[in-house]
Each structure stands twice: as structure tokens, then as C-alpha cells.
Amino acid sequence: MRVVVPFGGREPKTRLAPFFDADERREFAVSMLRDVLDAVRAAGGDPAVVADAPVSVGASVTVDDRPLTEVVGDELAERDELGGDPVAVVMADLALATPAALARLFETDGDVVAAPGLGGGTNALVVRHPDFSVDYHGASILDHRRIARDVGCSFAEVDSMRLAVDVDEPSDLVEVLVHGEGRAREWLVDAGVRLERGSGRVEAVRARR
């Protein structure tokens, strides 16, 4: 299965600025991207990165700085022109994604299969229906449910913690440190990010060097 992996590498992860400078944020974003590509391949997918700036990650990379909805829409249109094989879309910041979680997504029956994000987004999709289109603005999982209803295609959702967590906020770093298994977690540890256990929620803090 072709798996499109959108990557925002020009100014990645600006909401992590309290922890990392611009160069560090790019390094961390690339480490997550590499983890996602490894998981996609191990799940049997054929990943293709679509990035808004050049990036070298040992995979096919197309540079396209248009909005995400347009980029993915063109990928789906190209799929239809080439015979209608399923296409998956997996976000590049799913640092907890595993081959098992992605294989479950890829193998679930449905015209459209989605993995919702915790904040209302759509962290991963498999599209098998030619009339389905995407809309990644705002709470996109709601839009994708509606679009599926409007075009009369089935819509299945995969409830997966590992696909629900996309890393955008400092609080998301806790999840990577607790549940991560790949390069992204190693990068955080090397950067001096650690867990701080208090009387309430666990927080991620950084020991400055």
C-alpha cells in the first residue's frame, strides 16, 4: 500500500519552542519522521514523504509547500487515475506509532478507515473510495465523518492510543518518554528531557547543559 507521509520541515513544531530552539525542533521532527517511516515499512507499507522543504530521510521525498488538504487531495486524485488502489496517509509526528498499530489500520475493512487524534484531528487514513475527499482544517475527524456520509461510503475508526498521540505540545513529550521506543525518545533523552513526578500529573522538564 502506498503511504503518504506529510512532513512540515520548514518551521517544525513551533509550539515546542519553550523546550527547543529552531534547529533542535527540526532535528526532533526528523527523528519522529524516521520512526514513522520505519513503522510504515515494517507494517508492509510503501512510504512516500511529501514535505514543504527538502529533507533527507532515506525515502522518496516530494517537495510541495501547499496546504495539507491540497497535497493529499492530489495524491487521492492520482490514485484514481492509476487504477484506484488504496492510499494511506500517516502523519509524520506519530512518535508512538508501531508496525502493529499501523498494520491494524491498513487491514481494517472500510471505504475509509481513520485513526482519530486526541485533539480532534485525523492522524491517519486509508482511502479506498474514489469519491472521498479530505479536509484537514480544524476538527478534521468530524469533517471526514461528514464527507463519508455525504458521498455514501463506509467509514471505520481505529481506536489506538499509539496513533492518537501526535506530538505538538510540551505535554506530549511525556507520552514519548513513557511509551516511545524509537529515535524520538532517544533524541529527547540525549537532549536532557526527563520526567518530573510531582503530586499531580507527570511533566516533561529539560535539564539545560
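By convention here, the first residue in the shown sequence is residue 1.
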Name the atoms and distances for all side-chain donor-acceptor pairs under 3.5 Å in residues 12-19, with sequence neighbours left out.
| from | atom 1 | to | atom 2 | distance (Å) |
| --- | --- | --- | --- | --- |
| K13 | NZ | D93 | OD2 | 2.6 |
| K13 | NZ | V167 | O | 2.8 |
| K13 | NZ | D168 | OD1 | 2.7 |
| R15 | NH1 | E169 | OE2 | 2.8 |

For L163 and L102, run side chain to side chain contact (heavy atoms under 4.5 Å, CB included): C-alpha distance rounded to whole Å, both residues' side-chain angles, the deciding distance at 0.1 Å, then the answer. CA-CA 8 Å; L163 300 182; L102 288 171; 3.8 Å; yes

Qualifying residues under salt bridge (Lys or Arg N to Asp or Glu O under 4.0 Å), relative to R162, sequence neighbours excluded: E181

Restricting to non-hydrogen atoms, name the atom on [X] and the atom on [Y] that form the minimum distance, rounded to 0.1 Å.
X	Y	result
S133	H144	O-CD2, 4.2 Å
A95	V176	CB-CG2, 4.0 Å
A204	V174	N-CG2, 3.5 Å
A88	F106	CB-CE2, 3.8 Å

Side-chain contact test, heavy atoms from C-beta onward, threshold under 4.5 Å: evaluate it for [X] versus [Y] and give yes or no.
X	Y	answer
M32	L94	no
R185	H179	no
D74	V72	no
W187	D35	no
V134	V89	no
E70	D64	no
D143	Y136	no
R128	V126	yes

[Y] reachable from [X] in the ILVMFWY side-chain graph, under 4.5 Å edges:
X	Y	result
L33	V63	no
V202	L188	yes
L76	L105	yes

Validation: residues 108-116 side-chain donor-acceptor distances under 3.5 Å, sequence neighbours left out:
| from | atom 1 | to | atom 2 | distance (Å) |
| --- | --- | --- | --- | --- |
| T108 | OG1 | R104 | O | 2.6 |
| D111 | OD2 | S154 | N | 2.8 |
| D111 | OD2 | S154 | OG | 3.3 |

Starting from the C-alpha separation in whole Å, work towards a yes-or-no answer on side chain to side chain contact (heavy atoms under 4.5 Å, CB included) for V36 and V40. CA-CA 6 Å; V36 169; V40 167; 4.2 Å; yes

Value rounded to 0.5 Å, distance of [atom1] in [X] from [atom2] in [Y]:
X	Y	atom1	atom2	answer
T122	D166	OG1	CG	10.5 Å
E203	L195	CD	CG	10.5 Å
S140	L68	OG	CG	8.5 Å
L142	R146	CG	CZ	9.5 Å

Give a yes or no on whether a salt bridge exists between E157 and R145, defined as a side-chain N under 4.0 angstrom from a carboxylate O. yes

Check ion pair D38-R183 (N to O, under 4.0 angstrom): yes

Output a table of donor-acceptor pairs, distance under 3.5 Å, between side-chain atoms of residues 42-56 and any protein atom two or more places apart or on a different chain; print 'none' if there are none.
| from | atom 1 | to | atom 2 | distance (Å) |
| --- | --- | --- | --- | --- |
| D52 | OD1 | G9 | N | 2.8 |
| D52 | OD1 | R10 | N | 3.0 |

With sequence neighbours left out, write down each residue that passes ring-ring contact (aromatic ring centres under 6.0 Å, His included) with F155, or none if nothing qualifies. none

Parallel under 30°, tilted from 30 to 60°, perpendicular over 60°: which one fits the rings of F20 and F28? tilted

Which residues satisfy the side-chain hydrogen bond (donor to acceptor under 3.5 Å, both in side chains) test with R2, sequence neighbours excluded? E75

